[in-house]
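Beneath this line is the structure, given in structure tokens, with notes to follow.
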Amino acid sequence: MGLELLAGRRVLGVGRRGKFMIAPLDEDLELILHLGMTGSFRFDLEDPHVRAKLSLDDGRTLSFRDVRRFGRMAVVESGDYGGIPTLKMLGPEPLTDDFDPDRFAAKLKRTSAPIKPYLLSQRPVAGVGNIYADEALWLAWINPTSRAVGKARAHALHAAINEVLGAAIEREGTTFSDYAMLDGESGRNADFLIAYGRAGTPCPRCRTPLRKITLGGRGTTYCPKCQRR
DNA sequence: AGCTTGTCCTGACTGC
DNA sequence: TGCAGTCAGGACAAGC
């Protein structure tokens, strides 16, 4: 399976699972796209960081801009995700009935990893990255290093994930530098973040300065008082 | 099997 | 001003 299979294919639609875009193609193929950290698509964009161009049959070009080159693109047979392990093991979609509080709690009970890296694995729920993991854990009063999240706290975290993602989507996402809407407009959620990127500022609940640690190789900000272990 | 760590890459920012 | 060091929204491969 290679990208050369893309030439001449008809794009039947564009869907999404977690942070993966999935475009069904004719010939029972799928185009899988991941933006990585800094990827974006824009029509007819000319830019030094444009890494790929998809020529469409209406004459337009869809440019893939990807500064850090962490983005990925692949053509696979429909549903054949063996070469894309995170997609293969991807958890249920948040903000849908598939994301069930009891099943979520059962998964958290089964793992021995700290809760935050486990969330970032995409296995308990799809689509939660570093920003929203910090925000949801703060909202649910859960320490990011906790390896024992019981049922009640799992249910609180389930609700917090839906709340944090739902609010961010309403504000069209969180922009620091690269992330943008198709028209280039920034998302407005960055101004509403409570934990992520706000180490040293007072916790809105208890006024304790938020603390930053490294956990699973990722920057992690939390309140040492109301997210106590 | 699943957790943990290091790596991919460029750019922006900090501190000397 | 210049340069080295650090950090950044993600996923994967290779350790154990």
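The chains referred to below are lettered A, B, ... by the order of the sequence lines, with proteins before strands, and numbering in each begins at 1. Every heavy atom of this structure was used, including side-chain atoms; hydrogens, water molecules and symmetry mates were not.
A:Phe70 does not qualify as a stacking partner of the C:dA11 base, lacking a centre-to-centre distance under 5.5 Å together with planes within 30°.
Close to B:dC3, at under 4.0 Å from its OP1 or OP2, lies a side-chain N or O of A:Thr111. Taking side-chain N and O atoms only, A:Arg147 has a distance below 4.0 Å to OP1 or OP2 of B:dT4. Here A:His49 does not reach the OP1 or OP2 of B:dC9: none of its side-chain N or O atoms lies under 4.0 Å away. At least one side-chain nitrogen or oxygen of A:Tyr196 sits closer than 4.0 Å to the OP1 or OP2 atom of C:dG9. Listed pair A:Arg123 / B:dC3 meets the phosphate criterion, a side-chain N or O lying under 4.0 Å from OP1 or OP2. For the pair A:His34 and C:dG10, the criterion of a side-chain N or O lying under 4.0 Å from OP1 or OP2 is not met. In terms of phosphate contacts, A:Lys212 brings a side-chain nitrogen or oxygen within less than 4.0 Å of OP1 or OP2 of C:dA8.
Contact annotation for A:Arg110: no contact, since no heavy-atom pair falls under 4.0 Å across all strands. Here A:Ser121 lies out of heavy-atom contact (under 4.0 Å) with every strand. When heavy atoms are screened at a 4.0 angstrom cut-off, A:Gly217 is found touching no nucleic acid atom at all. A:Pro114 comes within 4.0 angstrom of the backbone, heavy atoms only, and of no base.
Rounded to whole Å, the distance from CG on A:Leu90 to P on C:dG10 is 13 Å. When rounded to the nearest whole Å, the span between CE of A:Met37 and C1' of C:dA11 equals 9 Å. The interatomic distance linking A:Met73 (CE) with C:dG10 (P) rounds to 19 Å, in whole Å. At whole-Å resolution of the value, CZ in A:Arg218 and P in C:dG9 are 5 Å apart. Between the CE atom of A:Met89 and the C1' atom of B:dC3 there is a distance of 13 Å, given to the nearest Å. The CG atom of A:Leu120 sits 13 Å away from the P atom of C:dA8 (whole-angstrom rounding). When rounded to the nearest whole Å, the span between CG of A:Leu119 and P of C:dG10 equals 12 Å. Taking atom NZ of residue A:Lys116 and atom P of nucleotide C:dG10, one finds them 9 Å apart after rounding to whole Å.
A:Ser121 contributes a side-chain N or O that, together with a main-chain N or O of A:Arg123, makes up a donor-acceptor pair within less than 3.5 Å. In terms of modelled atom types and a separation under 3.5 Å, the side chain of A:Asn130 and the main chain of A:Gly219 share a donor-acceptor contact.
Comparing A:Gln122 and A:Arg68 against DNA chain C, the residue whose closest nucleotide sits nearer the 5' end is A:Arg68.
Distance check on atom P: B:dC9 versus C:dA14 gives 16 Å, rounded to whole Å. C:dT6 and B:dG6 have their P atoms separated by 14 Å, given to the nearest Å.
Between A:Lys53 and A:Glu46 a salt bridge is recorded (basic side-chain N to carboxylate O distance below 4.0 Å). Looking at A:Arg16 and A:Glu93, a side-chain N of the basic residue comes within less than 4.0 Å of a carboxylate O on the acidic one, giving a salt bridge.
Using a 4.5 Å heavy-atom threshold, the side chains of A:Tyr118 and A:Lys107 count as touching.
The neighbour count for A:Asp47 CG, taken as heavy atoms of other residues, nucleotides or ligands under 6.0 Å away, is above 12.
Shown here, C:dG9 forms no base pair; nothing in the strands shown gives a Watson-Crick or G-U wobble contact with both key distances under 3.5 Å. If you check B:dC9 for Watson-Crick or wobble pairing at under 3.5 angstrom, you find it has no partner at all.
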